Amino acid sequence: MARRIRETVAAIPLGKVASYGQVAELAGWPRRARYVARVLGQTPAAARLPWHRVVRADGRIAFVEGSEPFEKQRGRLEAEGVAVLGGRISMRRYRWQPDLSELLFQPPPAE
DNA sequence: CTGATGACTATAG
DNA sequence: CCTATAGCCATCA
């Protein structure tokens, strides 16, 4: 169960992000956004999960702005090309779209 | 059993 | 942009 969550997070491609609720749904656990958050919090760093690619539905990092974990996540995202401006990420640009048909309707990652 | 909590989300004004 | 509200749900004191 929690494993399904981790597998979904692990599937998020580099340079893309997904919201907690999106991960929950893709993993087969609708309305379990908070559960996803807790699973990530309990997953040891040794699991090497791309947890930093999971953000809030509005594109903001879930941690308190300026906190250590917040900065860590921001750093990792920017390191892989995801712009975090004012603590926010453009979901329109970086939201992970696992479905190809929907991917075609996404604006180009130009800029 | 009850109430509080939180790496959440959606909607409204 | 911001605050307020209301759902949500596993977990824990």
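FYI, side chains are in, hydrogens and waters are out, and symmetry mates aren't considered; it's all heavy atoms of this structure. Letters A, B, ... are given to chains in the order of the sequence lines, protein chains preceding strands, and every chain is numbered from 1. It should be emphasised that the depicted structure is a prediction, and the values quoted were computed from it without experimental measurement.
Remark: P of B:dA10 and OH of A:Tyr20 are 14 Å apart, rounded to the nearest angstrom. Taking atom CE of A:Met91 as the reference point, atom C1' of B:dT9 lies 12 Å away to the nearest angstrom. Atom CZ in A:Arg56 sits about 10 Å away from atom C1' in B:dG6, given to the nearest Å. The separation between A:Arg88 atom CZ and B:dA7 atom C1' is 18 Å, rounded to whole Å.
For the pair A:Ser19 and B:dT9, the criterion of a side-chain N or O lying under 4.0 Å from OP1 or OP2 is met.
On the nucleic acid side, DNA chain C contacts chain A at distances under 4.0 Å to non-hydrogen atoms, with the end points of that region at C:dC1 to C:dT11.
Considering only heavy atoms from C-beta on, A:Pro98 comes within 4.5 Å of A:Gln22 through its side chain. Two residues are said to be in side-chain contact when any heavy atoms from C-beta on lie closer than 4.5 Å; A:Val36 and A:Trp29 fail this criterion. The side-chain heavy atoms of A:Gln73 and A:Val55, taken from C-beta on, include a pair separated by under 4.5 Å.
Rounded to whole Å, the C1' atom of B:dG6 lies 14 Å from the corresponding atom of C:dG7.
In this structure, A:Trp51 and A:Phe63 have perpendicular ring planes: the angle between them is above 60°, well past the 30° mark.
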Exercise. Step by step, work out the side chain to side chain contact (heavy atoms under 4.5 Å, CB included) result for A:Val17 and A:Met91.
Key: CA-CA 8 Å; A:Val17 300; A:Met91 293 307 273; 3.8 Å; yes
Quiz prompt | Worked check of side chain to side chain contact (heavy atoms under 4.5 Å, CB included) between A:Leu77 and A:Tyr94 | solution = CA-CA 11 Å; A:Leu77 287 171; A:Tyr94 304 106; over 6 Å; no
Exercise. Show your working on salt bridge (charged side-chain N to carboxylate O under 4.0 Å, His left out) between A:Glu80 and A:Arg76 and close with a plain yes or no.
Key: CA-CA 7 Å; A:Glu80 52 185 64; A:Arg76 290 195 178 194; over 6 Å; no
Quiz prompt | From CA spacing to verdict: salt bridge (charged side-chain N to carboxylate O under 4.0 Å, His left out), A:Glu78, A:Arg74 | solution = CA-CA 6 Å; A:Glu78 297 189 317; A:Arg74 184 173 61 74; 3.1 Å; yes
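Listed by residue number, the members of residues 22-46 of chain A with any heavy atom below 4.0 angstrom from DNA chain B are A:Ala33, A:Arg34, A:Ala37, A:Leu40, A:Gly41.
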